[in-house]
Structure formats: C-alpha cells, structure tokens
Amino acid sequence: MILETERLILREYTWDDFDGLYALLSDPETMCHYPKPYDEAGTRRWIQWNLDNYQKYGFGLWALVLKETGAFIGDCGITMQSIDARELPEVGYHIHRNYWRRGYGSEAARAARDWAFENRDFDALYSYMKYTNIASYSTAAANGMRKIKEYQDPEDGILYVYAITREEWEARRISP
C-alpha cells in the first residue's frame, strides 16, 4: 500500500522502521496524550499490530515519510478501534514533535480518509482523542470531521469522538 500526497508518502510499515518509530513513540513530548511513552517492546508490538492489521483488514497505520528527504516523521492510516465500546474505523495519526505545526498531520489524514471512503464501504470514519489533545481534534476538524460525543474512558479519562459520514465526505468533494 502506498499513498502519495503533495509532500508525503504513506506506506506499509516494515521492521526497518523500528528506529524512526521508536524515536516517535518513546518521546515524552510527542506522546504526552498517552498514558506513557513506549519502550522498545511496545514499539515492536506497534509494528506487529500494524503488520497484522494489513493481513486481517487490508489497512492499518502507514509509515509517514517526507518525499523531499525520505525522513520518517510519523504514521497515519485507518485502524479498527474500540470507541465507547463500539468497533469503528478510525483515522489515526501520530507526528513526531520535530515536524509539528507544518500541516503534515492534516495532509496525511485527508489522504487516509479519502482512501478509506474510496476503497472500503464504511458509512462513516471516526477519530478519537484525549480532550487535552487540541492538535488532534483540530486535525480532525480540518478534515471535515465534527465532534459527535465525549465519554469517560477508564484508562484515558475524557475522550472526544469526531466523525465524518460518507454523505458529508461526498458533499465536501462536490463543493468548491
């Protein structure tokens, strides 16, 4: 699987991505909205989870690489997530803090959203995040999602859920 945007390549993870992913997942500032940064074993599980998702669903989180330099800067894609006790397709994204505030998350999330609606029969796509993660819900809103609920999660506290329906996505594509 390869998606391209103006500045990014989204491709399936390989084990060669371990160092770049570990730099992202182990960084306390990048992972400040997670319970804790990941260790090496957690990073291996992250890659394996995505490799398994590719086999099971035909999609997962994809490694995010800058076209210009080939640098690994994060990941983005579609995963099946338990959101308020429902298994739902989520547009997820994680950008290393060294690349924040450049629009990479929104650019990648748009590509993943479009791929999902063009290649799967989902009626809606979701993103969920900790209520403190302003950048994440700003990215969701920038991609046409709207906040549909918030709920209390026993592990993560208050979570916001954003969504876009296929009908809303199609209307956005038609509008200038």
Side-chain angles (χ1 to χ4, degrees), residues 1-13 24-25 30-35 46 49-50 52-64 73-97 99-176:
M1 162 55 52
I2 294 181
L3 291 177
E4 289 191 33
T5 68
E6 182 180 335
R7 302 177 295 166
L8 303 169
I9 295 171
L10 289 81
R11 60 162 175 75
E12 290 187 353
Y13 270 115
L24 183 152
L25 295 179
T30 300
M31 300 303 289
C32 67
H33 300 287
Y34 278 72
W46 188 282
W49 173 62
N50 282 290
D52 293 344
N53 282 335
Y54 305 151
Q55 291 299 309
K56 183 175 182 178
Y57 301 110
F59 55 83
L61 292 173
W62 299 303
L64 195 54
I73 66 165
D75 64 14
C76 181
I78 309 297
T79 57
M80 298 305 295
Q81 295 285 340
S82 177
I83 301 174
D84 200 15
R86 292 180 60 207
E87 193 78 5
L88 299 169
E90 191 218 12
V91 178
Y93 33 85
H94 308 89
I95 308 295
H96 192 284
R97 68 180 163 91
Y99 298 94
W100 286 352
R101 296 177 192 84
R102 300 182 196 177
Y104 294 131
S106 294
E107 185 175 329
R110 264 191 312 277
R113 175 203 65 196
D114 292 350
W115 180 90
F117 279 131
E118 290 167 357
N119 293 281
R120 296 294 184 263
D121 63 355
F122 298 130
D123 293 328
L125 295 171
Y126 302 83
S127 286
Y128 75 117
M129 66 287 298
K130 210 173 222 183
Y131 77 99
T132 56
N133 196 340
I134 296 167
S136 188
Y137 58 76
S138 297
T139 296
N143 285 303
M145 292 183 163
R146 59 188 163 67
K147 184 178 171 189
I148 61 166
K149 75 182 325 184
E150 58 185 76
Y151 70 98
Q152 183 75 32
D153 182 80
E155 286 184 33
D156 293 317
I158 299 170
L159 297 178
Y160 288 173
V161 181
Y162 280 68
I164 184 170
T165 65
R166 178 175 292 280
E167 185 175 275
E168 291 166 335
W169 173 74
E170 288 172 347
R172 288 177 64 89
R173 290 174 58 109
I174 295 168
S175 298

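Applying the side chain to side chain contact (heavy atoms under 4.5 Å, CB included) test to A63 and every residue at least two apart in sequence or in another chain returns R11, Y13, D17, F72. A109 pairs by the side chain to side chain contact (heavy atoms under 4.5 Å, CB included) definition with C76, V91, Y93, T139, N143, not counting sequence neighbours. With sequence neighbours left out, the side chain to side chain donor-acceptor pair (under 3.5 Å) criterion links Y34 to H94. Considering only residues two or more places apart in sequence or on other chains, T132 meets the side chain to side chain donor-acceptor pair (under 3.5 Å) condition with H33. In this view, R7 and E107 satisfy the side chain to side chain donor-acceptor pair (under 3.5 Å) rule, not counting sequence neighbours. Shown here are the ring pair (Phe, Tyr, Trp, His ring centres under 6.0 Å) partners of Y57, two or more places apart in sequence or in another chain: F59. E118 is linked by a side chain to side chain donor-acceptor pair (under 3.5 Å) to R173, counting only residues two or more places apart in sequence or in another chain.
The two atoms that bring W100 and I95 nearest to each other are NE1-O, 2.7 Å, heavy atoms only. The minimum heavy-atom distance linking D156 with P35 is given by the pair OD1-CG, 3.7 Å. Considering every non-hydrogen atom in both S127 and A140, the closest pair reads CB-CB, 4.3 Å.
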Q.
Y151 vs I158, test: side-chain contact (heavy atoms from CB on, under 4.5 Å). Steps then yes/no.
A. CA-CA 6 Å; Y151 70 98; I158 299 170; over 6 Å; no

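Residue-environment remark: CD (Q152) exceeds the threshold of 12 foreign heavy atoms within 6.0 Å.
Residue pairs meeting the side-chain hydrogen bond (donor to acceptor under 3.5 Å, both in side chains) criterion with at least one member in residues 159-169, sequence neighbours excluded, are D114-W169, R146-E168, T165-E168. For residues 122-134, no residue pair satisfies the salt bridge (charged side-chain N to carboxylate O under 4.0 Å, His left out) rule, not counting sequence neighbours. Among pairs with a residue in residues 80-94, those fulfilling salt bridge (charged side-chain N to carboxylate O under 4.0 Å, His left out) read D84-K149, at least two apart in sequence or across chains.
A distance of 11.0 Å separates CZ in R172 from CZ in F117, rounded to the nearest 0.5 Å. Separation of atoms CG (L64) and CD1 (I73) is listed at 4.5 Å; rounding is to 0.5 Å. Here R110 contributes atom CZ and L8 contributes atom CG; the two are 9.5 Å apart, rounded to the nearest 0.5 Å. For the atom pair CG of L88 and OG of S82, the computed distance is 8.0 Å after rounding to the nearest 0.5 Å.
N133 places no side-chain N or O within donor-acceptor distance of the main-chain N or O of M129, the cut-off being under 3.5 Å.
If you check the side chains of Y128 and Q81, you find a donor sitting under 3.5 Å from an acceptor.
With contacts defined as side-chain heavy-atom distances shorter than 4.5 Å, the pair W49/T79 qualifies. Counting only heavy atoms from C-beta outward, the side chains of M145 and L125 approach each other to under 4.5 Å. Side chains of W62 and D75 form no contact here, defined as non-hydrogen atoms less than 4.5 Å apart. Annotation: side chain of M31 is in contact with side chain of L25 (closest heavy-atom distance under 4.5 Å).
Under the side-chain contact (heavy atoms from CB on, under 4.5 Å) rule, L61 has a single partner from N53, N50, L10, which is N50.
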